[in-house]
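Report on the following structure.
Quick note: residue numbers are just sequence positions, from 1. If you're wondering where the values come from, they're calculated on a predicted model, not measured in any experiment.
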Amino acid sequence: MKAPAEPAAEPSRLRIYLLPNLMTGGNLVCGFVALTRIVEANLEAGDFSKIREALFFILLACIFDLLDGRVARWGGAESPFGREFDSLADLISFGAAPAFLVHRIVLKDVFVNHQEIGWFIASIYLICGALRLARFNCLAQAGGGGSGEFVGFPIPAAAGLVASLTLFIMWWDERELRFGLWRYSLPVIMLFLSFMMISEVRYPSFKALHLRARSPFAKLAGALLFLGLLLVLRGKILPLVLPVIFTAYLLYGFIRPRLPRRVRDEIESEPDTASVEEHAEH
């Protein structure tokens, strides 16, 4: 007698968590709006207001990207779907938008008679960003994504550096200096960041920066004071502070291997092992 066939195994249910993916959706929307503002900019008439709006949307996308991962980890809501969705959003907000930005305000004018060269230079950043994201997903899938380190400069930080430097140049232009002389540094910086994204230089992910980090009161007070200062003096201080923050993170990857372990742990806010064990016992 023929044995009855075993029922087919049900496919694993796709886990989609609302709040972290809402943050990722906000990231994606900000990237799309940034692209539309860049397209709408009337640079021929000397109007850079749309470009300034695009820069703020790229920087806002960085905040959404920072929050979605933290919310997912704090709530135990990490999933393969969220990781893939995040990478797709990152490619738009931090890959396509900055590449199109630099092409629109610099490369298009530099290579008037050879537009294909400008397209190629901008596409290098986009391709390297896509490779960086693909490598990150492969490492995460293989179990290498939880080490607290990024291999290569993260693409949100690269986009934040490009956007903040552009914002700084526009702020500098308002001090009666010529925007045209400084904007030519952007393609060079973008190409350098392209190389850094696919490099083997390791950067801390700051995933260990959580609510139980050491000295929580001092860090909370410092963060509140910093946010208050940004809100009160945002028009004057943001163009100066943001490039310094992103540049410091870029340079930190080079000096990090030369720092003593104790100093690295303090900077990256890794939890004290004894404290964690003591908390587990209670």
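Rounding to the nearest 0.5 angstrom, the gap separating the OG1 atom in Thr166 from the CZ atom in Phe48 is 10.5 Å. Here the OG-CD distance, from Ser123 to Glu116, works out to 11.5 Å after rounding to the nearest 0.5 Å. Here the CG atom belonging to Leu35 is positioned 7.0 Å from the CZ atom belonging to Phe100, to the nearest 0.5 angstrom. The OG atom of Ser194 lies 7.0 Å from the OH atom of Tyr125; values are rounded to the nearest 0.5 Å. Here the straight-line distance linking atom CG of Leu55 with atom CD1 of Ile169 works out to 10.0 Å at 0.5 Å rounding. Between Asn27 atom CG and Phe57 atom CZ the span is 13.0 Å, to the nearest 0.5 Å.
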- request: Take Leu133 and Phe94 through the test side-chain contact (heavy atoms from CB on, under 4.5 Å) and record every step on the way to the result.
  value: CA-CA 11 Å; Leu133 292 168; Phe94 310 131; over 6 Å; no
- request: Show your working on ring pair (Phe, Tyr, Trp, His ring centres under 6.0 Å) between Tyr249 and Tyr203 and close with a plain yes or no.
  value: CA-CA 8 Å; Tyr249 185 51; Tyr203 288 86; 5.3 Å; yes
- request: Would you sort out whether Val201 and Phe153 count as a side-chain contact (heavy atoms from CB on, under 4.5 Å), showing the intermediate values?
  value: CA-CA 7 Å; Val201 180; Phe153 195 57; over 6 Å; no
- request: Show the numbers, then the answer: is there a side-chain contact (heavy atoms from CB on, under 4.5 Å) between Ile38 and Lys50?
  value: CA-CA 6 Å; Ile38 296 170; Lys50 296 291 185 181; over 6 Å; no
field: side-chain contact (heavy atoms from CB on, under 4.5 Å) evaluation trace for Leu107 with Leu186
entry: CA-CA 9 Å; Leu107 297 173; Leu186 291 175; over 6 Å; no
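Criterion: ILVMFWY side-chain heavy atoms under 4.5 Å apart, direct or through other members. Under it, Val102 and Phe192 are part of a common hydrophobic cluster. When hydrophobic clusters are built by joining Ile, Leu, Val, Met, Phe, Trp and Tyr residues whose side-chain heavy atoms come closer than 4.5 Å, directly or via intermediates, Ile189 is grouped together with Phe254. Cluster annotation: Met190 and Val188 are assigned to distinct hydrophobic clusters (Ile/Leu/Val/Met/Phe/Trp/Tyr, side-chain heavy-atom contacts under 4.5 Å, transitive). Leu22 and Leu88 sit in two unconnected hydrophobic clusters of ILVMFWY residues. Membership requires side-chain heavy atoms under 4.5 Å apart, directly or through other members. Placement of Ile127 and Leu191 in two distinct hydrophobic clusters is found when ILVMFWY residues are connected by side-chain heavy-atom separations under 4.5 Å, directly or transitively.
The closest side-chain heavy-atom distance from Leu167 to Trp171 is not below 4.5 Å. Side-chain contact check for Asn21 versus Phe85: some heavy-atom pair is nearer than 4.5 Å. Side chains of Ile155 and Phe136 form no contact here, defined as non-hydrogen atoms less than 4.5 Å apart. Two residues are said to be in side-chain contact when any heavy atoms from C-beta on lie closer than 4.5 Å; Leu193 and Leu250 meet this criterion. Glu149 places none of its side-chain heavy atoms less than 4.5 Å from the side chain of Ser205. Under the 4.5 Å side-chain criterion, counting only non-hydrogen atoms from C-beta, Met170 is in contact with Ile51. No side-chain heavy atom of Leu59 sits under 4.5 Å from any side-chain heavy atom of Ile63.
For CZ of Phe32, the number of neighbouring non-hydrogen atoms (other residues, nucleotides, ligands) closer than 6.0 Å is 12 at most.
Sorted by first and then second residue, the side chain to side chain donor-acceptor pair (under 3.5 Å) pairs involving residues 101-112 (not counting sequence neighbours) are His103-Trp119, Asp109-Arg183. Sorted by first and then second residue, the salt bridge (charged side-chain N to carboxylate O under 4.0 Å, His left out) pairs involving residues 21-37 (not counting sequence neighbours) are Arg37-Glu40, Arg37-Glu53.
Nearest approach of Ala96 to Leu126, heavy atoms of both residues: N-CD1, 3.5 Å. In this structure, Ala97 and Ala34 approach most closely via the heavy-atom pair CB-CB, 4.5 Å. Minimum heavy-atom separation, Arg132 to Val151: NE-O, 3.5 Å. Closest non-hydrogen pair, Phe168 versus Pro243, comes out as CB-CG, 4.0 Å. When every heavy atom of Pro98 is checked against every heavy atom of Ser93, the shortest pair comes out as CD-O, 3.4 Å. In this structure, Asp65 and Pro156 approach most closely via the heavy-atom pair OD2-CG, 3.3 Å.
Not one N or O on the side chain of Thr247 forms a donor-acceptor pair closer than 3.5 Å with the backbone of Val244.
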